[in-house]
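Labels below follow one simple rule: chain letters A, B, ... track the order of the sequence lines, proteins then strands, and each chain is numbered from 1.
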Protein chains: 2
Amino acid sequence: MNELRTIRAKSGTNQEGTSAHNRRVIIEAIRLNGPLSRADLARATRLTKQTVSNLIENLEADGLVASEDVVRRGRGQPSTPYRLVAEGAFALGVQIDRELTRVVAVDFLGREAARAVANLPPGDPVEGSRVILRLVEKVRADLVARIPVSAHRLTGLGIAMPGPFGLEPAGDDPWMMGKWQAFPLLETLAAGTGLDVSLQNDATACATAERMNGAADGLDHVVCLYLGYGIGAGLILGGELYTGSNRNAGEIGMVLFSRGGAVLPLEHRASLASLFQRLGLDTATTDAYETVERLTREGDPRILDWLEGAATDLRQAVHMVETIFDPQTVLLTGSAPQPLAERLFAAVFPLLPSNAERPGRTIARFQLGTMDPWAVALGAAADPIRRAFDPVFSAILKEAT
Amino acid sequence: MNELRTIRAKSGTNQEGTSAHNRRVIIEAIRLNGPLSRADLARATRLTKQTVSNLIENLEADGLVASEDVVRRGRGQPSTPYRLVAEGAFALGVQIDRELTRVVAVDFLGREAARAVANLPPGDPVEGSRVILRLVEKVRADLVARIPVSAHRLTGLGIAMPGPFGLEPAGDDPWMMGKWQAFPLLETLAAGTGLDVSLQNDATACATAERMNGAADGLDHVVCLYLGYGIGAGLILGGELYTGSNRNAGEIGMVLFSRGGAVLPLEHRASLASLFQRLGLDTATTDAYETVERLTREGDPRILDWLEGAATDLRQAVHMVETIFDPQTVLLTGSAPQPLAERLFAAVFPLLPSNAERPGRTIARFQLGTMDPWAVALGAAADPIRRAFDPVFSAILKEAT
DNA sequence: CTTATTAAGTCAAATGTCTTGACTTAACTG
DNA sequence: CAGTTAAGTCAAGACATTTGACTTAATAAG
């Protein structure tokens, strides 16, 4: 008779949530600090020795941790450190870009275990998703061939592609991603692989990669600028990845910057697309990446000119994210050729004065992260791992029915 | 012999953490939905009926919830809704501004229970903190006189003042807040009141106020622009207040905007300070607030001119925070006279196209929040309440030794 | 009017996880 | 070689949630 009311609240938790969290905390502690003994873990997590012992036993049985050689450290019984077992879990990651797709498998430590790359038919997600599925199966077969135990240890499939997500297709869609946005990608890949599928934008995936093995590891507040065809920011806020209410947080490429009287999106000058355009490169027909690398080494004046404009905007972007997020550090990542990235990074200095310039700073305000073109795929693959094993709030809550 | 190593990890949890979280979840569910029966609560929190019964009994004994009249809703045993008891908890809040301080007491629901205001000697935190302490004692006495039970139910004292915090004192310090920043304020007020003291900037406090009773209630992703002497943003991200690594997140007044060739901080045009300057008002000697209100009603051309500039910048600021945070909504709050605020709010429209313009939106992109000058003090006071009773991640973890 | 159905809420035993304190083991120190 | 320190285990206990049967109290249907 009464209409069913929607009741809003976070969900509660129970003993299961408690122990799940504690398992995750132990894994995190070992990941951050390297091998730790049970006593070390008890101190790090504030759990009792006994609880840690139980959990370690549990994790060892699951093949996620293993003991190392006994260590003597002065008086008292020697300790037995435990390390994470790389083969304890795996995940797959897919990067979808305009013209190509990269698929990787990573292990529990986020290290690459297999990879494959293929071209994508631009603007054709139907055929494109078939290509991806074939590639995923190839990588999966590769992985299983190499490490036989892995089959049931696959925690999921992470996808990374340029955002923003969920918008009305725009009239101008220079990157042909509009059709991909409209395509039921997650459903298709979930059905085709039988895996749990997650989606994030490329900047967020790159931040995940930096968090897994890079400069962001162990930090709780990091803004990771991602310079690709466009420019975006992957956000680690309060120790967790932040993606906003619709997975579109950090799309700073669309923030408006004024230059010489005109108001333009940041990515108009600070993006590889703007560089390719300046150079008259068609990414579909030329190997733009190598061309840019060569021209950079040659000191091409168009590159220098672009660098100046991009660095100016980037300097302001760093100031903006420092001011807005109050992060511990800002990273420059992306898929630019290494020489270009290094020049750009250097050209951003000196940084603008900002709130980040505080007495007693120990971490650099602005650092150069990875420019590995595979970082996005690796980050995409690391996402299911982190979902399954990181101590996050949502892992404690009871699941939806 | 070995140096004590610092081991990094989140801390673990135990049954205590579990039940503490569940208590908080129940409180949140009632706060968001209004009175709920035990069965409703079980559905909302995914806890079992029995668990909810235990917790409700517990909360009732603590005087935090109380039963209402039995409700018949069709077949089955009638249900007994529980509501939050306003007198169940109290907290004090202090707003410190350049020339004055406001102190309020709020109840469990965030409603004002007592208030007081006094002038502050500009740039003199030693004498100023004495003024504050006297005012706090006055409000506390007021509160206790009105509601005798309250003494031990005081959860803490929240302070709000303009940021940024922890920086080297700048050469130009037009607002005389530099000396306050250097002063050991938390320690002084903690010692003087015997209460737990917390600190946030004024924009964050205003966001807390909006979250407690205003437009942000029940939303998980909100950016709350605060237009005061300067301009800042209070951030609610992922259901929790976000303050960055050094409590300086959201200080968007310092973000650089280009206008007519010059690069200037946002607050150069979009702040009350800029308006006062334009009008030649000295806030120390005149009642700037009333003057502005009168001039606004009169349609003073200087006001109109300022409005145009401020609205232009604000429009861009809204676009910026929408793009960067992907929030559910953006609120305009502050301490401007209501007529001015309404005009400014209206002048921001039409909003710039952004990622927030998605199909199927139900919440307005940009809303006018409170301009109550007491909102900051109320938010400061609500902070200890929310710390003590909101279901946040940190509440589950074991405490530091 | 009587019976069936539905839903709220309680009871008591069971389960799962962490905690406690005593104990064992194994090293270094003097 | 005895004393001290620290890692790690053992077993009983404490605590919070879960389970399933049961009670209570209303409406709906015949």
Side-chain angles (χ1 to χ4, degrees), chain A residues 1-2 4-5 7 11-26 35-60 65 67-82 396-399 401, chain B residues 1-2 4-5 7 11-26 35-61 65 67-82 395-399 401:
Chain A
M1 191 142 296
N2 253 333
L4 197 67
R5 287 178 304 160
I7 303 184
S11 77
T13 186
N14 54 15
Q15 296 99 316
E16 215 174 320
T18 301
S19 91
H21 171 70
N22 289 343
R23 264 176 71 110
R24 287 166 181 251
V25 165
I26 286 186
L36 293 179
S37 68
R38 300 179 186 204
D40 286 336
L41 286 166
R43 282 186 288 266
T45 61
R46 301 185 211 286
L47 295 168
T48 60
K49 283 187 296 181
Q50 187 56 56
T51 301
V52 170
S53 267
N54 296 341
L55 292 169
I56 281 285
E57 209 171 311
N58 192 309
L59 289 167
E60 195 167 21
V65 306
S67 59
E68 298 203 315
D69 288 345
V70 163
V71 170
R72 276 178 271 277
R73 265 192 310 196
R75 274 188 200 180
Q77 178 170 331
S79 62
T80 310
Y82 286 80
I396 290 180
L397 309 180
K398 290 189 167 187
E399 286 179 14
T401 19
Chain B
M1 194 142 295
N2 253 332
L4 199 67
R5 286 178 304 161
I7 304 185
S11 78
T13 187
N14 53 14
Q15 294 99 318
E16 213 175 319
T18 302
S19 89
H21 172 69
N22 289 343
R23 264 175 72 110
R24 286 165 182 253
V25 165
I26 286 187
L36 294 178
S37 68
R38 300 178 184 205
D40 286 336
L41 285 166
R43 282 185 288 267
T45 60
R46 301 187 210 287
L47 296 168
T48 61
K49 284 187 295 182
Q50 187 55 55
T51 300
V52 170
S53 267
N54 296 342
L55 292 168
I56 282 285
E57 208 169 312
N58 193 309
L59 289 167
E60 196 168 19
V65 306
S67 59
E68 298 204 312
D69 289 345
V70 162
V71 170
R72 276 176 271 277
R73 263 193 311 197
R75 274 188 199 182
Q77 177 171 330
S79 62
T80 311
Y82 286 80
I396 290 180
L397 308 180
K398 288 190 168 187
E399 285 178 17
T401 20

*Asks:* Return the set of residues passing salt bridge (Lys or Arg N to Asp or Glu O under 4.0 Å) with A:E60 (not counting sequence neighbours), or none when no residue passes.
*Replies:* none
*Asks:* When the distance from CZ of B:R72 to C1' of C:dT6 is rounded to whole Å, what number comes out?
*Replies:*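 After rounding, the reported distance stands at 16 Å.
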*Asks:* Can you tell me if the side-chain N/O atoms of A:T80 get under 4.0 Å from OP1 or OP2 in D:dG8?
*Replies:* yes
*Asks:* What residues form a salt bridge (Lys or Arg N to Asp or Glu O under 4.0 Å) with A:E57, not counting sequence neighbours?
*Replies:*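 Salt bridge (Lys or Arg N to Asp or Glu O under 4.0 Å) check on A:E57 returns nothing, list empty.
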*Asks:* Hey, does the side chain of B:R75 come within less than 4.0 Å of C:dA7's phosphate (OP1/OP2), counting only N and O?
*Replies:*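 Looking at the OP1 and OP2 atoms of C:dA7, neither is under 4.0 Å from any side-chain N or O of B:R75.
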*Asks:* B:Q15 side chain: which of D:dT18, C:dG9, C:dT17 is closest?
*Replies:* C:dT17
*Asks:* Rounded to whole angstrom units, what separation is found between the CG atom of A:L41 and the P atom of D:dT9?
*Replies:* 12 Å
*Asks:* Residues in side chain to side chain contact (heavy atoms under 4.5 Å, CB included) with A:S19, at least two apart?
*Replies:* none
*Asks:* Without decimals, in angstroms, what is the distance between A:I56 CD1 and D:dT9 P?
*Replies:*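 About 10 Å, once rounded to whole Å.
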*Asks:* Does a nitrogen or oxygen in the side chain of A:N14 sit under 4.0 Å from OP1 or OP2 of D:dT18?
*Replies:* yes
*Asks:* B:R24: what forms a salt bridge (Lys or Arg N to Asp or Glu O under 4.0 Å) with it, not counting sequence neighbours?
*Replies:*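 For B:R24 there are no salt bridge (Lys or Arg N to Asp or Glu O under 4.0 Å) partners, ignoring immediate neighbours.
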*Asks:* Would you please name every residue forming a side chain to side chain contact (heavy atoms under 4.5 Å, CB included) with A:N14, sequence neighbours left out?
*Replies:*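 Only A:E16, A:K398 meet the side chain to side chain contact (heavy atoms under 4.5 Å, CB included) criterion with A:N14.
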*Asks:* In whole angstrom, give the distance that lies between atom CZ of A:R23 and atom C1' of C:dC18.
*Replies:*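 That distance rounds to 16 Å.
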*Asks:* For nucleotides 19-24 of chain D, list the nitrogen or oxygen atoms of the protein found under 3.5 Å from its nitrogen or oxygen atoms, one pair per line.
*Replies:*
from	atom 1	to	atom 2	distance (Å)
D:dT24	O2	B:Q77	OE1	2.3

*Asks:* Check this one for me: any side-chain N or O of A:N22 less than 4.0 Å away from OP1 or OP2 of C:dT17?
*Replies:* no
*Asks:* Between C1' on D:dT5 and CZ on A:R73, what's the gap in Å once rounded to a whole number?
*Replies:*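 Value for this atom pair: 13 Å.
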*Asks:* C:dT10, OP1 or OP2 - any side-chain N/O from B:R38 closer than 4.0 Å?
*Replies:* yes
*Asks:* So, applying side chain to side chain contact (heavy atoms under 4.5 Å, CB included) with B:P81, which one of B:L36, B:V71, B:L41 is it?
*Replies:*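 Per the side chain to side chain contact (heavy atoms under 4.5 Å, CB included) rule, the option paired with B:P81 is B:V71, out of B:L36, B:V71, B:L41.
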*Asks:* To the nearest angstrom, how far is B:E57 atom CD from C:dT10 atom P?
*Replies:* 8 Å
*Asks:* So, is B:S53 close to the C:dT10 phosphate, meaning a side-chain N or O under 4.0 Å from OP1 or OP2?
*Replies:* yes
*Asks:* Can a side chain N or O of A:R43 be found less than 4.0 Å away from OP1 or OP2 on D:dA7?
*Replies:* yes
